[in-house]
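Inspection log for the structure reproduced underneath, given as structure tokens.
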Amino acid sequence: AMGGMRMAFRAQLRRDGSDDVALAPQVIKVGMEPEENDRTAVEGEAEASFRAIHFAELYNAHSFNKRVEFLPVTILQLVE
């Protein structure tokens, strides 16, 4: 998917390169402009995601008809 600032991809990371066991679903986000991939921008995105998880847990503590979930955040730096 492509938004206004980032491209997002669904992924499944595998442990030690094994094809046997897929880990939990992942979303990989990549900024379309170099400044969107700098450390400050990426850490800000991660902090916003952690806050979203917190508020989703508060929301889900009530007995509404629908639950809200967010995937945990991990920051990876890929080097060439």
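Source: prediction; values computed, not measured. What's counted below: heavy atoms across the whole structure, side chains too, no hydrogens, waters or symmetry copies.
Residues satisfying the ring pair (Phe, Tyr, Trp, His ring centres under 6.0 Å) criterion with Phe9, sequence neighbours excluded, are absent altogether. For Tyr59, the ring pair (Phe, Tyr, Trp, His ring centres under 6.0 Å) criterion is met by Phe64, not counting sequence neighbours. Not counting sequence neighbours, the partners of Glu33 by the side chain to side chain contact (heavy atoms under 4.5 Å, CB included) test are Glu35, Glu36. Listed by chain and residue number, Val30 satisfy the side chain to side chain contact (heavy atoms under 4.5 Å, CB included) test with Asn37 (two or more places apart in sequence, or in another chain).
Residue pairs meeting the ring pair (Phe, Tyr, Trp, His ring centres under 6.0 Å) criterion with at least one member in residues 36-57, sequence neighbours excluded, do not occur. Residue pairs meeting the salt bridge (charged side-chain N to carboxylate O under 4.0 Å, His left out) criterion with at least one member in residues 40-62, sequence neighbours excluded, are Arg6-Glu45, Lys29-Glu45, Arg39-Glu43, Glu47-Arg51.
Cluster membership for Ile28 and Val73, using ILVMFWY side-chain heavy atoms within less than 4.5 angstrom, is not shared.
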